Protein chains: 2
Amino acid sequence: MRQPGAGQTRRRGAALEEAILRAAVDELTESGYAGLTMDKVAARAGTNKNAIYRRWPNRLALGIAAYRQLATTVPPPDTGSLRGDVLELLRQANRHWSSPLGAILRELLSAAGGTSELLAQLQEQPGDAAAAPWLTTLGRAVARGEAAPEALHPRVATVAIVLLRNEFVVRGVPTAPDDVLVEIVDEVYLPLVRRLGPSPS
Amino acid sequence: MRQPGAGQTRRRGAALEEAILRAAVDELTESGYAGLTMDKVAARAGTNKNAIYRRWPNRLALGIAAYRQLATTVPPPDTGSLRGDVLELLRQANRHWSSPLGAILRELLSAAGGTSELLAQLQEQPGDAAAAPWLTTLGRAVARGEAAPEALHPRVATVAIVLLRNEFVVRGVPTAPDDVLVEIVDEVYLPLVRRLGPSPS
DNA sequence: GATTTACGGTACTCGCCGTACCTTAATTGC
DNA sequence: GCAATTAAGGTACGGCGAGTACCGTAAATC
């Protein structure tokens, strides 16, 4: 069917699913989520919308699935100092959010609105506020005596990335200037995790 | 035209504009932004879409204008202690985001996506991360010696509300449990602004 | 009273999601 | 191997809502 004349191969199951996902990924990178239409994906995959709707309940779910194909995890940095690690993590995130891929992520987050299930799938993606790398980094800093043990807490550890994220999501910034990252680190994050004064409570 | 038979009064200018906005507000409160359609607003205002599009460029702009009618500003609390003030500010915000009005705000933020001009209009609305009340509150605390003067900085002062906002926008939570607010205050905000240790840099 | 402005009415285009229904190929079971 | 079952392909539509176009007509302006 793909090539008339060639042995008419009608794809099924996993093969077809991969083809659809590939097509969705391509559409997503070319046109963003806004331009991702079910008809175009179907056409590109050489199939029709039925096959898609049999696998994903709606456009958003397909978009998220396609995004997850694209996103790749990078290992957390280890520069030897907390400040270096944190700045590098923020810079990585900043680059990601500023990239085309980041733009897509923002579109998806926007489209997901308050749909928690789907939101959760995006949560732990690169560039987003995944807690794991922050806890790792901060754990090393605590071991080196650069941070207070009380800081080893998801809410505290992720403060920096949440603030950066706020710049994007809330203020619609295309790219955060590096000053902002430095300010977040020096004015907020380091004073917080060092916490040399008496602890609260 | 409103009432056939009555003196046919055709509204113009400000009168018509107010009627449209009132209709939009009503639709917004009844059906949320998702249910706010131009046709329904026009019908409710007893006019047609032309009159709306002459005043607002698109649905989102109308939605935001209508929301701004609804939102009201509350004076910042003054409980005498920083912890009390901050907790109260967070609780106010939590109530607002959890209320129907807050749901509408979330819809609008989601719909605004990365459109900075429109985003800016929502920024300083009640419940959102407006910097002013936080600086006021923190200023009083500094005067009382409860907080370090270096903390009197928008990025630092608004950390608490940004974190709470993150709970909603990112995690899609309907209401943040009070524990979370307390945690934000005691684990993050107070340690940060007290900053009893040596300042960075 | 004539001219300009803007409202009301209506109808339409367009895009695109999601569904329905049927035909036909591939797979599975016997 | 052959029948029964499952899943693709093809196509057509319903539905909805945004935004636009046009035109006749009331209200403001001068």
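We name chains A, B, ... by the order of the sequence lines, and we start the count at 1 in each one. The analysis underlying the following values was restricted to heavy atoms, covering all of them including side chains, and did not include hydrogens, waters or symmetry mates. Quick caveat, the model's predicted, so the values are computed rather than measured.
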Distances for protein N/O vs nucleotides 21-24 of chain D N/O pairs under 3.5 angstrom?
| from | atom 1 | to | atom 2 | distance (Å) |
| --- | --- | --- | --- | --- |
| D:dA21 | N6 | B:Asn50 | OD1 | 3.2 |
| D:dA21 | N6 | B:Asn50 | ND2 | 3.2 |
| D:dC22 | N4 | B:Asn50 | ND2 | 3.1 |

(request) Starting at the 5' end of nucleotides 11-16 of chain C, put B wherever the base has a protein heavy atom under 4.0 Å, S where only the sugar-phosphate does, and a dash everywhere else. (result) -----S
(message) What's the separation between atom CH2 in A:Trp134 and atom CD1 in A:Ile161, rounded to the nearest 0.5 Å?
(response) 5.5 Å
Nearest-Å distance, [atom1] ([X]) to [atom2] ([N])?
X: B:Ile20; N: C:dG8; atom1: CD1; atom2: P; result: 8 Å
X: A:Ile52; N: C:dC17; atom1: CD1; atom2: P; result: 9 Å
X: B:Glu27; N: D:dG17; atom1: CD; atom2: P; result: 11 Å
X: A:Trp56; N: C:dG18; atom1: CH2; atom2: C1'; result: 16 Å
X: A:Glu18; N: D:dA8; atom1: CD; atom2: P; result: 13 Å
X: B:Glu17; N: C:dC7; atom1: CD; atom2: C1'; result: 13 Å
X: B:Leu16; N: C:dT5; atom1: CG; atom2: C1'; result: 14 Å
X: A:Tyr53; N: C:dA20; atom1: OH; atom2: P; result: 12 Å

(message) When you measure from the centre of the six-membered ring of B:Tyr33, is the NZ or CZ of B:Arg59 closer than 6.0 Å and no more than 45° off the axis?
(response) yes
(request) Tell me, please, which residues at least two apart from B:Arg144 pass salt bridge (Lys or Arg N to Asp or Glu O under 4.0 Å). (result) B:Glu146
Ionic contact status for [Y] with [X], cut-off 4.0 Å:
X: B:Glu27; Y: B:Arg22; answer: no
X: A:Glu88; Y: A:Arg95; answer: yes
X: B:Glu167; Y: A:Arg155; answer: yes

(message) Is it the case that the side chains of B:Thr137 and B:Asp85 hold a donor-acceptor pair, with the cut-off being a distance below 3.5 Å and no angle test?
(response) no
(message) With a 3.5 Å distance limit and no angle check, can you tell me whether A:Thr136 reaches the backbone of A:Ala132 through a side-chain donor-acceptor pair?
(response)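 Flag set: sc A:Thr136 to bb A:Ala132 pair under 3.5 Å.
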(message) Tell me whether the rings of B:His96 and B:Tyr67 are parallel (<30°), tilted (30 to 60°) or perpendicular (>60°).
(response) perpendicular
